Every structure is written in structure tokens, then in C-alpha cells.
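Just below is one structure, and these are the notes that go with it.
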Amino acid sequence: METLSKKICMLGDFAVGKTSLVRRFVYDTFDDRYLSTIGVKVSRKLLPVASGDRVADLTMILWDLAGSEEFSQMRRAYLRGAAGALLVYDLTRTETLASLGDYADQLLQINSNAAVVIVANKSDLVAAGGNDNGIAVATLDGRALAGSLDAPFITTSALTGANVEDAFRQLGQRVVS
Amino acid sequence: MSGMAEPNAGEPTTSGTPEPFHTPEHASGEVFNELRTLLLGEEQGAIGSLRVDVDDLRDTLGDQDAMSAIIAPSLDDALRNAIDQNKEEMVEALYPIIGSTVVRAVTEAVQDLARTVDSRVRTSFSPGAVWRRMRAQASGVSSSELALRDALPFDVEEVFLIHRETGLLLRHVSASGNAASDRDLVSGMLTAIRDFASDAFGRGEQGQLDSIEYGGRRILIEAAQHVYLAVVMDGVEPAGFRAAMRDVVIDVENHYRLFLRDYNGDASPFVSVEPMLAGLAALSNTQAIPGLSSGQKRVLAGAGAMLIVCSLLACLAGWLLIQRLDRRSPQIPTFIIVVAPTSTLLPTATLTPTPTSTPTPTATTTPTATPTATPTASPTPTVTPTPTRGGFVDNVRLNVRTGPGLDFPIILTVAPDYPFTILGASDDSGWLNVCCVEDGTTGWVSSLYVLVGETTTPTPAP
């Protein structure tokens with residue numbers, strides 16, 4: 001079986017749940033304070049990936065990039081060499097979806113072959129809050145963005161773990177293929 | 001007082017029931033107590049309260065932890081204020097305590113260093129010591145200074161080979177042999193820190209982060225176009241270590257350039273670079289660090305080879321020049337003693353200067369050319385017999401020299417009566433060229449010690 005390593009970036013606005021996705025489901029050794037000091041924290045996610053006739057042990061080196069504005073300048077440097085990215089937004093805050101297009105543009109400018117997956121996080125809050133109109137719009141717009149980028153769209157919950165593995169797996173398949 | 005009963009002094013009561021016994025002293029004590037309460041009641045309360053406080057304080061003093069917790073904040077503030085206001089006085093006050101500790105620590109460190117230097121000096125004839133002396137000569141410092149420099153602590157802990165753009169770990173080597181599982185994360189963070197430093201401080205400049213220090217530990221970084229090398233080390237790296245790192249990273253870059261440019265995340269081809277990284281990891285101050293990079297060594301080797309070739313060419317040119325000068329220079333006339341056959345016992349020697357370099361007494365032969373094909377009875381070439389004079393050593397042990405003078409080296413010393421054939425003489429006739437010494441070689445002897453005598457006549461050639 002092939003053994004591959006790929007650099008993957010976690011992109012999205014502040015407090016959309018990127019770090020929560022990382023913290024609960026990947027091997028994490030560094031303190032979260034790195035995010036607020038240099039704007040990035042590196043973690044690892046291992047998973048076997050089958051793509052077409054290829055099967056590989058994929059090591060995803062996850063670069064969790066700070067979503068706050070002060071690191072926007074640094075982000076370009078951190079995106080270099082990324083094979084793919086999880087673009088994460090918060091289902092309960094529709095404004096966090098608006099900036100995903102910019103993140104995707106930044107990434108694809110630097111690496112046009114990068115694979116992306118659109119992740120609508122905090123689905124547990126949607127279930128608790130009922131079928132809110134704004135949330136439905138956010139979901140539809142997220143799907144539309146995914147369609148324009150030819151990327152999968154997945155709703156996840158870092159709290160319950162729903163679909164988190166699937167989001168990483170789909171991205172893994174895309175970066176290996 | 002109104003409440004006080006009249007005492008029945010000395011008389012029994014009629015009822016037979018005993019009355020409470022009140023002596024005058026007892027009654028006065030109660031009165032006094034009551035009076036004291038009236039007069040000092042408040043003070044007594046305060047004293048009681050103080051007594052409780054004193055008991056509490058006594059308990060606290062007995063509990064050291066509680067005491068420390070109370071005193072520490074005040075003490076900290078007091079110390080801080082005192083240091084701020086009287087720095088020099090505080091230093092003087094603390095010197096007797098801290099100074100001796102510092103001195104002891106420094107002394108131990110210097111003793112360790114001295115022991116290391118001493119052990120190096122003791123092995124002064126080892127190849128390493130010889131190499132150190134050569135390096136010292138080349139760098140213009142004394143070998144002891146270089147030994148001191150080499151004795152400084154230096155240990156390589158880990159070596160990372162990292163893809164520059166992605167920050168992915170290509171290879172990792174640890175001096176201890178333990179491969180930590182999170183090294184790929186460290187390589188990612190290291191790359192992030194490099195990117196951060198480059199973006200935050202290096203805008204518009206070509207520079208890059210080339211080392212990170214944390215206490216005594218350092219991370220040295222050497223980068224090529226697609227890959228960079230990070231070495232985690234303790235102490236002070238020796239001269240030439242950076243060059244060694246550069247050589248490794250350039251070698252990797254050159255060998256794997258195409259692979260690195262479009263790196264797909266498969267690090268297995270980099271297994272072959274592990275020995276190079278292990279070589280770096282194995283370097284410590286117990287080993288001699290090469291002072292020159294391989295590029296510098298190649299240049300030096302080339303220069304050495306050029307020097308040797310130039311020397312050979314110079315020798316060849318000199319030899320050719322000497323040969324040419326020899327041909328041009330007039331030949332030194334030598335003397336041949338041609339002895340004419342006479343009827344006298346002592347023939348007269350005629351010294352005839354002959355412009356030949358070979359002082360051989362020869363008979364002149366005149367070959368007759370026969371133009372016809374048919375051989376006829378032609379005169380046979382004849383050799384004019386030229387008798388040569390002989391001699392023998394007078395009653396001394398005589399030195400035979402390579403030339404006509406005392407400056408020439410002695411070939412051997414011959415005994416009295418040793419016979420010679422005299423081949424010639426020097427200009428002033430002070431020296432005779434004689435033959436034959438030992439295995440037929442010629443030599444020169446002083447004519448003062450040779451008795452010229454016998455005449456020998458060479459046999460004519462047939």
C-alpha cells in the first residue's frame with residue numbers, strides 16, 4: 001500500500017469550528033495558543049483512502065489557519081504547497097459563508113490543483129433550533145458554492161462527530177486521485 | 001450596703017438549719033470582684049479578645065505554611081522595592097551567598113573544559129591532532145586555541161529534511177536513534193515559523209530564518225530551492241558544520257530536483273539520503289569536524305595537482321635548458337698523456353691538448369674505403385699503439401676524488417703502492433686523472449703522492 005503525506009489547510013472565519021473539528025478527530029500535540037501567536041497550528045489525520053484503483057495510507061498534515069483578520073496577510077504564505085482544504089462555515093451564522101469564496105480564491109490562486117470540500121459545521125445547533133429560515137438559506141448557498149467549485153458539500157457537527165470523518169475522507173480521496 | 005445581712009457573730013441559730021457561712025473576708029472578696037467588674041469590665045473584655053488573638057497568632061507561628069502564605073506577598077514587595085532602590089547594596093549583600101555558588105559552578109565548568117582540552121593535548125600525535133595543527137596553521141590561530149574551540153560542547157540531537165513548500169517531512173534522523181512519532185508535526189510547525197518570520201520580518205529581502213535559539217539549544221537551518229535541512233543541536237557548532245549541512249542539502253537538491261519540484265507526498269525515495277543525515281547527526285565534539293566543504297576540498301585538490309604538474313614542468317624545462325647549455329658551452333680541454341715509444345727507460349711524456357670529452361688514449365684507425373664490390377686484399381686497419389704511463393701511490397694512504405681538487409668528494413682511499421693508469425692531468429698538473437679504481441671508474445688523485453713509473457702499452461686491435 002502506498003504511503004502518502006499531504007498538506008491540508010483548514011480555512012474559515014473565526015469561531016466556525018475549525019479547531020474543534022481538528023481537536024476532536026485528529027492527532028493533536030501542539031497548544032491552541034499557536035493559533036493566536038503565529039496564526040497556524042499543525043495537526044495530523046491518518047486515514048486509509050481508496051480512490052479509483054489506488055489505495056493509500058494517507059497522512060493529512062492539517063494546517064489549522066486562524067480565521068481572524070490580523071492573520072489574513074500571513075495566510076497566503078501558509079497556503080503554499082497545500083494539496084487541499086476544508087472550507088468551513090457556521091450554519092448558524094450565514095455571514096461566515098460569504099467569506100468562503102475568498103478563501104477558495106486565495107487557495108486556488110496559489111495552487112490551482114488544490115482539492116476543496118465545503119463543510120457546513122454546527123449541524124447539532126440546527127437540529128436543536130428547528131428549521132430556521134436563515135439556516136436553510138445558508139445550506140442552500142453552501143451547496144451553491146460547492147457546486148461552483150466542483151466540490152463536495154457536507155454538514156458536520158464537531159460536537160456530535162456527525163460526518164466529520166466523512167468530510168476528511170472525501171477530501172483525502174480528492175487529493176490522492 | 002442595703003443587701004447585706006447583719007452577721008450573728010458567735011451565736012447558733014434557733015431553727016437548727018445551718019446558715020450560709022459568710023466570713024468577713026469572703027464578703028469583701030465578692031465585693032471586690034464586683035467592684036472590679038464595674039470598673040474594668042471593658043478592659044477585661046478587650047484583654048480576653050487579645051488573648052484569643054495571641055493564641056491564634058501562636059498557632060499560626062507554629063504552622064510554617066500558613067506563616068509563609070502571610071509573609072510572602074509582603075516580603076516579595078519589600079524585596080522588589082529594596083532591589084529597585086538599592087541595586088548595588090543588594091548585590092553586595094547577596095554576594096556572599098550567591099557569589100560562592102556561582103564561583104563553584106563556573107569552576108566546575110572550567111575544570112571540565114580543562115580536562116577535555118588536556119585529553120586532547122595528550123593525544124598530540126594522533127591523526128586528529130595533526131590535522132588540527134594543519135588547520136591551525138591554515139587559519140592563523142594556535143593549535144591550543146583550536147583545541148579549546150573544539151572542546152566546546154556540541155551535540156547534534158536531530159536532523160530534519162523537509163520539503164520547503166509543503167513543510168512535509170521527507171526524512172528524520174535522531175542521534176539517539178529514537179524516532180519520535182510527532183516529528184512530521186514539528187516539521188510542519190517549523191515551516192510555519194519560517195514562513196511567519198519570512199513574511200513578518202523579511203519583506204522585500206532575500207534573507208531567511210537560518211537559526212532558532214532556545215536556551216542552549218539551537219535549530220540550524222540550511223535551505224536549497226525545494227528542500228531545507230534543520231539540525232537541532234546543543235552547544236556551539238564547530239567551524240565547517242554549516243558547510244557540511246550545505247553540502248548535504250545541495251546534494252539532495254541536485255539528486256532529487258525533479259522529484260521535489262512536483263512532490264507528490266511519497267517520501268520513500270528519500271531513504272537513500274538517510275546515511276547523509278545520519279552522518280550529520282553523528283557529528284559531535286568527540287569527532288573531528290571537517291573544516292572544509294567538499295567543494296573547497298575539490299578546489300584545494302585541483303590546486304595541489306596543478307602545483308605538482310607545474311613543478312614537473314619546471315623540472316623538465318630546467319633539465320632541457322641545462323642540456324642545451326651543455327651543448328653550447330666550449331668543451332673543457334683535457335690532457336691525454338701520450339707516451340711515445342723511446343729507447344730510453346723513462347719515456348718523455350708529451351702533453352697534447354685534445355678537444356674531446358673522453359680522455360681515452362686511443363690509437364687512430366684509418367679505415368680504407370673500398371669502392372669495388374669485390375673484396376680485395378686491402379690494407380688492414382691498424383691501431384697505432386699508444387703507450388700510457390702508469391704509476392703507484394707513494395708511501396701514503398691516498399684519497400681518490402671525483403674531481404681535481406680538495407673540494408670534490410672522496411670516492412675511496414687507497415693504500416700505499418696502489419697501482420694506477422694515468423689518464424691525464426689538471427691544468428696545473430697538480431692532479432692526475434687515474435684509472436681504474438674499483439670497478440673501472442676513474443678518479444683524481446694529487447700528483448704529489450703518485451710515483452710515475454711503468455709504461456703500459458695497449459694491445460693493438462686486430
Side-chain angles (χ1 to χ4, degrees), chain A residues 1-10 22 26-46 49 51 54 56-66 70-84 110-111 113-115 172 175-177, chain B residues 158 160-172 179-209 212 214 219 223-228 230 256 259-271 274:
Chain A
M1 190 186 286
E2 220 176 349
T3 303
L4 296 175
S5 297
K6 297 285 183 184
K7 175 179 176 179
I8 303 295
C9 289
M10 305 285 290
V22 167
V26 304
Y27 177 77
D28 195 4
T29 179
F30 296 114
D31 197 287
D32 288 351
R33 280 177 299 177
Y34 287 104
L35 272 169
S36 55
T37 51
I38 63 169
V40 65
K41 194 186 75 165
V42 178
S43 315
R44 183 207 298 140
K45 174 79 178 167
L46 290 172
V49 170
S51 176
R54 287 180 83 184
D57 264 341
L58 180 64
T59 302
M60 301 169 93
I61 302 295
L62 298 170
W63 287 48
D64 181 9
L65 306 188
E70 63 259 37
F71 292 110
S72 58
Q73 185 63 38
M74 297 298 311
R75 201 171 296 124
R76 293 186 65 82
Y78 294 150
L79 288 174
R80 277 199 299 266
I110 292 165
N111 186 357
N113 296 322
V175 296
V176 167
S177 63
Chain B
E158 295 177 82
F160 294 81
L161 183 68
I162 300 169
H163 189 246
R164 189 170 171 174
E165 191 178 55
T166 60
L168 295 175
L169 183 65
L170 302 176
R171 223 67 213 170
H172 170 258
S181 60
D182 60 354
R183 297 297 92 175
D184 51 353
L185 302 186
V186 172
S187 75
M189 282 306 289
L190 197 55
T191 306
I193 291 166
R194 285 190 78 233
D195 291 344
F196 175 79
S198 173
D199 201 78
F201 306 112
R203 283 181 195 158
E205 294 179 18
Q206 289 296 314
Q208 58 188 344
L209 189 69
I212 299 170
Y214 185 80
I219 304 173
Q225 189 182 355
H226 297 105
V227 72
Y228 76 92
Y256 299 93
F259 192 78
L260 288 165
R261 196 170 56 193
D262 301 312
Y263 182 52
N264 67 352
D266 180 9
S268 57
F270 295 95
V271 172
E274 212 159 284

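What you are looking at is a predicted structure, and each value in this text was computed from that prediction instead of being measured. Computed over heavy atoms, backbone and side chain alike; hydrogens, waters and symmetry mates excluded.
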About how many Å separate CG of B/D199 and CZ of A/R76, when rounded to the nearest 0.5 Å? 10.0 Å
Which distance, rounded to the nearest 0.5 Å, do you find between the CG of A/N113 and the CG of B/D262? 9.5 Å
Do you know which two heavy atoms are closest between A/K7 and B/E165, and how far apart they sit? NZ-O, 3.9 Å
At a 4.5 Å cut-off on heavy atoms, which part of B/T191 comes close to chain A: side chain, backbone, both, or neither? both
Top residue by heavy-atom pair count (under 4.5 Å) with chain A, among B/D266, B/V186, B/L168? B/L168
Flag side-chain contact, heavy atom, 4.5 Å: A/I38 against B/M189: yes
For the atom pair CE (A/M74) and CG (B/D195), what is the distance rounded to the nearest 0.5 Å? 7.0 Å
Checking A/I61 against chain B: side chain, backbone, both or neither under 4.5 Å from a heavy atom? side chain
Max heavy-atom pairs within cutoff under 4.5 Å with chain A, candidates B/T166, B/I193, B/L169, goes to B/T166
What pairs with B/Y228 under ring-ring contact (aromatic ring centres under 6.0 Å, His included), at least two apart in sequence or on another chain? none
Distance col, row A/K6:NZ vs B/N264:CG, nearest 0.5 angstrom, shows 5.5 Å
At what distance, to the nearest 0.5 angstrom, does CG of B/L185 lie from NZ of A/K41? 10.0 Å
